[in-house]
Amino acid sequence: MCSHGSAAMNGHEHSSLAPYPLRAQAPVGKRITSLYKKRLDNFFTPGQWEKVNLLAALKDGVYSGPENIKLAVWHATGTTRPTFKEATEKSNPYKETQTGENFGPSWTTHWFRASLTVPKELCQEDTPVELHWDCDNEATVWSEKGEPLQGLTGRGERVEWILPKAFKDGKEHILYIEMACNGMFGNGPGRPIFKNNAGGDSIQPPDENKHFKLSKAELVAPNMQARMLSVDFQIIHDAAVELSEDSWEQHEALNVASRIIDTFNASDKTSILRCRKIAEEYLGSEINSERVYGSIEDKKPTVYAIGHCHIDTCWLWPWAETRRKVVRSWSNQCDLMDRYPELNFACSQAQQFKWLKEDYPYAWERVKSKIKSGQFHPIGGCWIEHDTNLPGGESLVRQFLYGQRFFEANFGTRSTTCWLPDSFGFSSQLPQLCRQAGMTRFLTQKPCFNSVNDFPHTTFNWVALDGSQVICHMPPCKTYCSEASFGDIKRSITNHKSLDQDNTALVAFGKGDGGGGPTWQHMERLRRIRGMANTVGQVPRVHSGGAVDDFFNNLEKKASSLVTWYGELYFELHRGVYTTQASQKSNNRRSEFLLRDIELLATIASIQDSSYRYPKKELDEMWEGVLLCQFHDCLPGSAIKMCYDDSNEIYANVFQTGYNLLQTIYPVLGISEVRTESISSLENTLALNTLPWPRQEIIAGSENQAVIAHGSSNLLSVAEFGTSQTEKLVTIEESTTGVFVLQNSQLSVTVEDGCIISLYDRKAKREVLSGRANKFVIFDDQPIYWQAWDVEVYHLETRQELRATTTSILEDKPYRVSVLTETKISELSSIRSTITLSAAFDGQQSYVECAADINWHETMKFLKVEFPVDVRNTEASYETQFGIIKRPTHYNTSWDMAKFEVCCHKFADLSEYNYGVSILNDSKYGFATVGNVMRLSLLRSPKAPDDTADMGHHSIRWAIMPHQGELGAETVRAAFNFNNPLKLVNVTRQSCLSVFPIVLRGDENLVLDTVKRGEDDGDMSTDELPRREGRSVVIRVYDALGGRGRGVVETTWSVSKVFKTNLLEDDGEEVPFGDGRFEVDLGPFQVATYRLVLA
Ligand SMILES: [Zn+2]
């Protein structure tokens, strides 16, 4: 101010400034913006300008001769993945090799011994030297001592490794490089792109015979200033191209970029520094260090950039490769953290941490030290990033229990954020389960890919069926593998849909899906984007240097005013994954029931006989296997065949271990298994019931033999099915040619051409159907691109009814009748289906049981079975984890229409006032209800990424259960029973199972689901977490139908105390316990866990 003042008073003191010329010295033209914009690319792209543009200055020296780099290679046998020790055995013949050689085929491993000698001229202290290595595939750099140091990914993704200072002594140093013959996205044919392509594309089944050419193995002295200028220029370029021309900041970017190009001279290295000085005018002078971020308090950031590395635990590669992807990716991060102190890296999936711990102790310690120093953040609280639609309720609980326990045992902390960026839709009870697992925050991004409706919120409170909520954030840049580009940071605000409530966003940056994580390029770009925000503005203020928790802590302060979203986050894409890879779904369902049974019986056994050891270790192994297979590309069916070979092995192990465990449990309980085909005498024979309610069922033996089991305990009495009744309890007749009538005291079923043409409810005196039911229909199934994932709405227009070839009577037994229908699908495929009616019991709803043996060899077809019912409602109900979800049966709005295929668990139901129909199933998850047509999805036949998906034989069971009244406990229990048939056992002595050792009495909407031993029980705990004295039993109860539920848990065990706990079994309030009982009182769809401390 002062100087201005004095200048004004003394006009003639301006003499130092040249006077404004009288005459124009030369013409000055307005820059033609479009031409100047186009010119920018020529400054950094390869091609005809590369000898004179910035690329020519990036390297001060390149050394690839044998005096500097010598290579020898050893090929691992077949597709084995040997350890460092195995690979470096003296006896392994390492043979000389060089660039230009090819390595393969797909999935093989090749170990290179690299002898590096740094040229004398590069041995000065401050000259960086890098190894550049590119073979189009993935590799791990190992020290000579066997320490995995860093990962490399070909095709320019991450090709440099910085030589340690010790190598700069002019002497030869040895390094090992473990090459994996797969790209970041496996071995799909063609270029790694995710779009339809004549030469193949990345989701096609792998090319098993790929070979990879080692195009680059050289020592490089980079020109660091030129490298930094290239990042400076990239951001200024993006500002010039992406900002709107109505902003001065865009024009300034173009001016600055043009001046940089004009100043640059490839043959004069000093010009680089002058160029960088010009760049500073736009980016500020602090971009060369983390200081650019300043203190958060000074300038509140709006975009929190968190390093991340999404590694699909299996997908276009098998588990075994993921184990190596983990060490490659995470070692990279540890290295990068040393150079970029602002790098904060969040990483989920306890399973991957466990693999690292098992396979790579050096890298494990390195990661642990970075966790301790606060840059590496384990996150997510789950065992793996699982699917959330298909796993049962208890599976979701265990994802959290096993995940959080691993994090707590190994790193001393639990996660507060559930991190599932890529799972295919999110089921309605997740917020409740998150809250009970110590997580108040939820991060995903997937609904941004909805193909019909734009999800309307970025930040919101997501509310479960029971009313529990979590703060949910969906990064507005629409990716969890951000390149930390100018565009992604800008979109973090321009795409933000909740700006009226909060203006902060999270960006998860780093190479992902196939692993990798952040690179130095990401870190440098972010510094410059922040520098630009500090200097010229126009771009959101990005912050790199905090944890995800910091971001959410900030949101939590205003959480109560954020908008709410109730119910599931239905994903309007990947609807085919409820059905693809049917055997995985079936194995998942069977495993869940098996685990439930074993935990219950082993708990009882361990209390009955203190010498019986609760098989915690085996159960943990079974659970970890099942949880692993629930990974979001595994169970949904979107992985390559190799992954299913692996998961089939895991399931086979689960079933075998489970079988073995049962054989050790039965004797403790005084029972032994009976083979139903050879019931010789009913003496000492009872039926084992592992479900917590009374049951009455027929168990078929051989030929005409059958027994009726009934009772109210874990062991039910059995009686021979009386054949002496004067009136048959179930009949079948061919009423007219080709028309069969099956009838019991409740239902009359008329079958023609394999379809049920009438289902008459004799009790309710009403017809259940409105058309031909149990009708097989087939659809063309060609989605837009993602075959295994998607079924598109237009497939519905191609519906074709399959016609039965023959129907005949299969069984006419006193207790059961059935008809058999053969249906030809095509020259290749056929169905052998049965419709069965059993004798009905008074007071218990009878149902029509259907089964199909399907020989399936189709291409891009979708098989379903339909049930048009005489029931009208605008909403249908579907079982989900710990509850019911209602979805529309109409297409009123695009939101309703988008749910043309939905997920169900053991049943779907369409009910009107006082009457309804439930469709039960034993292994299916895809369903649709349109108007009054219910449709169970059976089989798909996508050809990518597994062209053998679902080919072959399938056995599927379902049932049509009409019921009086609305959807109720009858259906819930019938669906459990349908999936968990009674087993005949011999009783060898008085068994403790003859009364329920633990049972829940009271409202029938309550389900006593899980009974297990406490995780921390002193006699069986297996991890490093603190143990608790004594023994305890943990039980889980939920309301299955959406109402208040009150009941009493009764037990014969000697219990001293009962605590209400969360899912992680932390004790909460003590529950009054006396006379062997305590009360439970649950709100709608509430899940409650109790820990019974044994006396
Ligand atoms: Zn994924």
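Start at 1 and go down the list; that is how both ligands and their atoms are numbered.
Aromatic ring centroids of Trp355 and Tyr360 lie 6.0 Å or more apart. Taking the six-membered ring for Trp and the full ring otherwise, Phe509 and His308 have centroids separated by 6.0 Å or more.
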Test ring-ring contact (aromatic ring centres under 6.0 Å, His included) on Phe442 and Trp462; report intermediate values, then the result.
CA-CA 9 Å; Phe442 189 85; Trp462 179 27; 5.0 Å; yes

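For the pair Arg589 and Glu592, the salt-bridge criterion is not met [side-chain N within less than 4.0 Å of a carboxylate O].
Classification of the His457-Phe460 ring pair by plane angle, with boundaries at 30° and 60°, yields tilted.
Excluding waters, the protein N/O/S atoms found under 2.8 Å from the Zn ion (ligand 1) are His310 NE2, Asp312 OD1, Asp422 OD2, His632 NE2.
Inter-residue side-chain proximity for Trp789 and Ile203 is flagged as met; some heavy-atom pair is nearer than 4.5 Å.
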